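Notes for the one structure printed next.
In this text the structure is predicted, and so the values were computed from the model without any measurement. Quick note on labels: first sequence line is chain A, next is B, and so on, each numbered from 1.
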Protein chains: 2
Amino acid sequence: MSRAATTADVFNAVGDDARRELLDALATGEATVGELVERLGRDQPQVSKHLRVLREVDLVRCRNAGRHRLYRVHRPGLAPLQHWLGHLTTTVNEHYDRLDDYLHDLQRESLHGSEN
Amino acid sequence: MSRAATTADVFNAVGDDARRELLDALATGEATVGELVERLGRDQPQVSKHLRVLREVDLVRCRNAGRHRLYRVHRPGLAPLQHWLGHLTTTVNEHYDRLDDYLHDLQRESLHGSEN
DNA sequence: TTGACATATGCCGATATCAGTATATTATCG
DNA sequence: CGATAATATACTGATATCGGCATATGTCAA
């Protein structure tokens with residue numbers, strides 16, 4: 001009972017450098033595994049494995065083209081990230097203002113308070 | 001030579017459920033560790049530890065208020081996330097269109113890759 | 001100072017994760 | 001059918017990560 005969940009969520013998937021690089025590489029269009037291997041300069045098995053993770057969380061999809069496999073970003077898969085980040089951002093913006101930041105940064109140095 | 005980097009980046013920090021919950025909880029304003037412990041229903045040490053990670057990547061900051069410590073979201077810390085996701089999204093949108101998705105989804109049906 | 005409260009840190013064990021290597025699967029072509 | 005190219009999976013070892021518990025640090029108040 002130590003760890004939490006498998007890599008099976010979008011946030012975790014994007015938490016890895018290699019996978020973000022893959023997404024970036026696919027941002028401009030489809031690519032085969034071999035092309036990605038070359039562009040990222042990583043081993044083929046690793047690229048395949050990372051692609052698998054991305055596929056499992058629906059951030060990418062693929063189709064067969066001859067002997068190759070063309071991967072592409074699956075836009076709807078980005079929704080959870082966009083929604084969470086958007087929601088967080090707007091909520092924070094609604095509840096904080098410049099004055100807050102200003103005051104807080106001032107108070108960060110020293111402060112006295114007595115109350116609960 | 002196995003693992004990559006320490007948890008010291010924003011994407012990794014946000015990859016964890018507990019930390020996202022913390023950010024969500026702080027979205028509406030400052031809170032003390034105790035309040036967060038109660039809201040999230042997690043042990044105090046864990047909350048503190050997760051807050052530490054968030055602090056290290058500059059997603060939250062804190063100030064002392066008496067015996068308490070008030071944590072808050074540090075908005076600039078969100079920038080890397082916003083930029084990466086925004087850039088990815090617009091790039092993808094520029095290079096894909098509805099027709100692409102339509103065709104790809106069609107072809108996806110016709111030929112298939114096995115899975116495991 | 002002492003004592004109580006709030007928060008942080010240290011240690012541990014279980015498990016996940018990643019890179020690397022070798023091998024299996026799948027598809028195309030002759 | 002067999003050979004070969006492209007990709008996927010299996011296994012391994014090193015390390016990171018997380019949760020749980022105990023304890024340390026720090027802050028106020030009397």
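- B/L70 and B/L51 are assigned to two separate hydrophobic clusters, defined by single-linkage of ILVMFWY side chains at heavy-atom distances under 4.5 Å.
- A straight line from NZ of B/K49 to P of C/dA8 spans 12 Å, rounded to a whole angstrom.
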Output a table of nitrogen or oxygen pairs between the protein and nucleotides 4-7 of chain D separated by less than 3.5 Å.
residue: D/dA5; atom: O4'; partner: A/R67; partner atom: NH1; Å: 2.7
residue: D/dT7; atom: OP1; partner: A/V33; partner atom: N; Å: 3.3
residue: D/dT7; atom: OP1; partner: A/R69; partner atom: N; Å: 3.3
residue: D/dT7; atom: OP2; partner: A/G34; partner atom: N; Å: 2.9

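- Between the P atom of C/dC18 and the CG atom of A/L22 lies a distance of 12 Å, rounded to the nearest Å.
- Looking at heavy atoms from C-beta onward, B/N12 lies out of side-chain contact with A/F11 at the 4.5 angstrom threshold.
- For A/F11 and C/dA16, the CZ to P distance is 21 Å, given to the nearest whole Å.
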Would A/R61 and A/D58 count as a salt bridge (charged side-chain N to carboxylate O under 4.0 Å, His left out) here? Give the steps. CA-CA 7 Å; A/R61 293 208 171 164; A/D58 217 23; 3.1 Å; yes

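- Of the candidates C/dT9, D/dG20, C/dT21, the closest approach to any side-chain atom of A/D43 belongs to C/dT21.
- Distance, A/Q46 CD to D/dC11 P: 18 Å, rounded to whole Å.
- Scanning for side chain to side chain contact (heavy atoms under 4.5 Å, CB included) contacts around B/V92 gives A/A27, A/V73, A/R75, B/L88, B/Y96, with sequence neighbours left out.
- Spacing between atom CG of A/D16 and atom C1' of C/dA16 amounts to 13 Å, rounded to whole angstrom units.
- Phosphate contact (OP1/OP2 of D/dC18, side-chain N/O of B/H50, threshold under 4.0 Å): absent.
- Residue B/R42 has a polar side-chain atom (N or O) positioned under 4.0 Å from OP1 or OP2 of D/dG19.
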Salt bridge (charged side-chain N to carboxylate O under 4.0 Å, His left out) between A/E21 and A/R39, worked out: CA-CA 10 Å; A/E21 287 175 23; A/R39 282 204 231 167; over 6 Å; no

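- Side-chain contact of A/Q44 with A/S48: a donor-acceptor pair under 3.5 Å is present, judged by distance alone.
- B/R52 has its CZ atom 16 Å from the P atom of D/dA16, to the nearest Å.
- Here the P atom of nucleotide D/dA16 and the CG atom of A/N12 are 17 Å apart, to the nearest Å.
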Start with the C-alpha distance between B/R20 and A/D9, add both sets of side-chain angles, then the distance that settles salt bridge (charged side-chain N to carboxylate O under 4.0 Å, His left out), and finish with yes or no. CA-CA 13 Å; B/R20 251 174 292 134; A/D9 78 287; 3.6 Å; yes

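- One can place CG of B/D17 at 16 Å from P of D/dT17, the figure rounded to the nearest angstrom.
- Place A/A18 and A/P45 on DNA chain C by their nearest nucleotides, and A/A18 ends up nearer the 5' end.
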